[in-house]
Amino acid sequence: MQSSAERICPKSSTIPGNLHVANDVLADLVGNAAMECYGVVGVCAPNAADSIAKILPASRLRRGVVVSSLEEGVHVDLYIVVEYGTNIATVSRNLIDQVSFALKEYARVPLAGVDVHVMDVKVRR
């Protein structure tokens with residue numbers, strides 16, 4: 001017996017059309033992926049006034065992510081604060097991997113590149 005979901009949309013059917021994902025949605029996805037990465041204290045705005053990086057609250061993570069659409073795919077600039085005592089290169093590499101996985105797996109968008117900008121180093125409280 002088929003379930004109601006299988007009757008509405010069988011597993012083998014393909015739905016024609018295009019899917020467009022807004023850059024703000026991608027920025028939210030990237031910001032949330034960044035916060036799950038070890039060594040990242042927070043995301044901050046790209047224009048740190050007076051060289052002081054203010055960590056953004058979870059509701060405003062997209063302000064620390066700049067998503068650009070290019071011919072070869074999506075390019076992401078991510079502005080973060082790392083935890084004191086962690087290896088910045090390792091945290092950045094893990095962050096690039098985490099963000100790349102999230103964009104490719106969840107949003108299914110082609111990725112042109114990810115640039116990580118470390119704006120500050122802070123002790124986690």
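Note: Ile88 CD1 to Leu95 CG = 12.5 Å, rounded to the nearest 0.5 Å. Interatomic distance, Gln98 CD to Leu103 CG, rounded to the nearest 0.5 Å: 10.5 Å. Here the straight-line distance linking atom CG of Leu61 with atom SG of Cys44 works out to 11.0 Å at 0.5 Å rounding. Distance CD/Glu83 to SG/Cys37: 11.5 Å, rounded to 0.5 Å. Distance check, rounded to the nearest 0.5 Å: OG of Ser92 to CG of Asn87 gives 8.5 Å. Between atom CG of residue Asn32 and atom CZ of residue Arg62 there is a gap of 10.0 Å, rounded to the nearest 0.5 Å.
Annotation for Val66 and Tyr79: closest pair CG2-CE1, 4.0 Å, computed over non-hydrogen atoms. Summarising the geometry of Arg60 relative to Leu56, their closest heavy-atom pair is O-CD1, 3.3 Å, with the distance given to 0.1 Å. In plain terms, the two heavy atoms of Ala112 and Glu72 that are nearest each other are CB-CG, 3.7 Å. The heavy-atom pair separating Leu29 from Ala102 by the smallest distance is CD2-O, 3.7 Å.
Clustering of Ile, Leu, Val, Met, Phe, Trp and Tyr side chains at separations under 4.5 Å places Val41 together with Ile55, Val81.
Residues Leu70 and Val67 fall into different hydrophobic clusters, defined by Ile, Leu, Val, Met, Phe, Trp and Tyr side chains chained together at heavy-atom separations under 4.5 Å. Cluster annotation: Tyr38 and Val99 are assigned to distinct hydrophobic clusters (Ile/Leu/Val/Met/Phe/Trp/Tyr, side-chain heavy-atom contacts under 4.5 Å, transitive).
Side-chain contact between His75 and Asp115 is present, with at least one heavy-atom pair separated by less than 4.5 Å.
In summary, of the residues considered (Val118, Val116, Thr86, Ile96), a side chain to side chain contact (heavy atoms under 4.5 Å, CB included) with Val91 occurs for Thr86 alone.
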